[in-house]
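Here the structure is laid out as structure tokens; the discussion comes afterwards.
Every number for a ligand or one of its atoms is a count from 1 in the order of the listing.
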Amino acid sequence: MLKGKKILIGVTGGIAAYKIPLLVRLLKKEGAEVKVVMTPCATDFVTPLTLSTVSQQPVLIEPYNKTDGSWNSHVDWGRWADLFVLAPVTANTMAKMANGIADNLLTTTYLAAKCPVMFAPAMDLDMFNHPTTRRNIETLLSFGHRLIAPQSGELASGLIGTGRMEEPEVIFQIIRDFFFRSRDFSGKKVLISAGPTYERIDPVRFIGNFSTGKMGYALADEAAARGAEVTLVSGPVSLSANHPSVRVIPVTSAAQMAEACFAEAPSSDVIIMAAAVADYTPSNPASEKIKKAGEELTVALKKTTDILAELGKRKKAGQFIAGFALETTNENEHAIGKLKNKNADMIVLNSLNDEGAGFGHDTNKVTIFTASGSRTDVPLKSKKEIAGAILDAIVREQPIIA
Ligand code: CTP
């Protein structure tokens, strides 16, 4: 996926430097060309040999080769890169970057670089919280650089707080997103429901459905990759969200899903209800296991709250609400009916009649109907690609996101 992308990694002297070979490996595996420039201090934490082996490129540390006087051109390296990622970056190097101090090959390369810059600080919590560090980070952000924020946890000092470099897997994902995803949902709050609900009959039985949650989880990961802050209200599924900025609220029943969605909806810009919510729930779930008796058993059911319809009633100005419709007959008519009845801005129709679409599959085929009257047919694709097409359609309808 990263074939042809030229990524320059700048490593400075922090203990997190030992994690950088993994980042380089991940980038190389995706086909990126990776070069590494290090400060002399960084070589105490990770060896240049390790990094040159995994990057399959010489690692540069000194401005020139002391034995033959040949020059290591910071200008060439700075101009070569499509992206310069400084990880880990110390308080010291950030101070130099913020003030134009170029006293080693890494900082001179930084000054010469014309590409976008990302920086992943790593330091002790008090150093991170020092006003100088804060001011320098602000300055770097004002240059348009992207901060890969440090995480909270146990630090090398043994203290607990913010200052731990983001994990290499997450940095890798951020780099991939930088090259391949538009950030059109940046700063937007997106609420998504996913999966089935389980409606309790007695302590050991429930009424459920065959939803696996794959479509909702794909939407959550895609929206997060496009910059959204995602809350995923999920029924019982065996999936987990891949993207770190997806917050999952696990629920079991339709009533719990409704409660969680109603609590989150007021602060959401975009709402996508992809869950297969039970329409009926047992009126009086038994507190003890129902014993076998007689030839037939009747369980009385009562209607659940239609979450999508209720959110449609409560829709705030500027909020965009999308729902799904799973149909087996008169698909288009039913889907358009749901659009109106539930006051939704969009209904994504899946038909169980389509091969490879609907519950459990990794693929889906959908038709997107919007309140503005548009219709988009999306052919059979992976659920990840379908998620992308749904988000594209939302952006077309709601230009405020762009
Ligand atoms: N939905 C919901 N709450 C419910 C039932 C459905 O939020 N109690 C949402 C689903 O998440 C989906 C949309 O409504 O986005 C349509 O769901 P679907 O099951 O296709 O339609 P229903 O309204 O339940 O109608 P029917 O089952 O009769 O087709």
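Within ligand 1, the atoms closer than 4.0 Å to a non-hydrogen atom of Met273 are 11 (O), 12 (C), 15 (O), numbered from 1 in the order shown. Residue-ligand proximity, Gly323 to ligand 1, at heavy-atom distances under 4.0 Å covers atoms 15 (O). Within the listing of ligand 1, atoms 8 (N) sit less than 4.0 angstrom from a heavy atom of Thr304. The distance from ligand 1 to the heavy atoms of Ala325 drops below 4.0 Å at these ligand atoms: 20 (O). Close approach of ligand 1 to Leu308 (heavy-atom distance below 4.0 Å) involves ligand atoms 2 (C), 7 (O), 9 (C), 13 (C), 14 (O), 15 (O). Every atom of ligand 1 with a heavy atom of Thr305 under 4.0 Å away is listed here by number and element: 3 (N), 4 (C), 8 (N).
A side-chain donor-acceptor contact under 3.5 Å links Asp124 and Ser157. In this structure, a donor-acceptor pair under 3.5 Å is absent between the side chains of Ser142 and Thr139. Between Asn350 and Asn364, the side chains place a donor N or O and an acceptor N or O closer than 3.5 Å (distance only, hydrogens not considered). A donor-acceptor contact closer than 3.5 angstrom links the side chains of Ser372 and Glu397. Counting only N and O atoms by type, the side chains of Thr363 and His361 include no donor and acceptor under 3.5 Å apart. No hydrogens or angles considered: a donor-acceptor pair under 3.5 Å links the side chains of Tyr217 and Ser234.
Nearest protein heavy-atom contact of atom 3 (N) of ligand 1 is Ile307 N, 3.0 Å. Closest protein heavy atom to atom 4 (C) of ligand 1: Val277 CB, 3.5 Å.
Of the candidates Thr328, Asp279, Leu326, Asp279 brings a heavy atom nearest to atom 5 (C) of ligand 1. Taking each of His334, Glu310, Lys338 in turn, the one with a heavy atom nearest to atom 26 (P) of ligand 1 proves to be Lys338. For atom 6 (C) of ligand 1, the nearest non-hydrogen atom from the set Met257, Lys342, Met346 belongs to Lys342.
For atom 19 (O) of ligand 1, no protein non-hydrogen atom is found at a distance below 4.0 Å. Of the protein's heavy atoms, at least one falls inside 4.0 Å of atom 1 (N) of ligand 1.
Screening residues 125-143 for salt bridge (charged side-chain N to carboxylate O under 4.0 Å, His left out) gives no qualifying pairs among residues at least two apart or on separate chains.
Residue Phe324 has at least one N or O atom closer than 3.5 Å to an N or O atom of ligand 1. Where the criterion is an N or O separation shorter than 3.5 Å, residue side chain and backbone included, Ala275 meets it with respect to ligand 1.
When ring centroids are compared, Phe206 and Tyr198 come within the 6.0 Å threshold.
For Ala278, the heavy-atom gap to ligand 1 drops under 4.0 angstrom.
Considering only residues two or more places apart in sequence or on other chains, Phe143 meets the ring-ring contact (aromatic ring centres under 6.0 Å, His included) condition with His145.
Dense packing is recorded around CD of Glu331, with more than 12 heavy atoms of other residues, nucleotides or ligands lying under 6.0 Å away.
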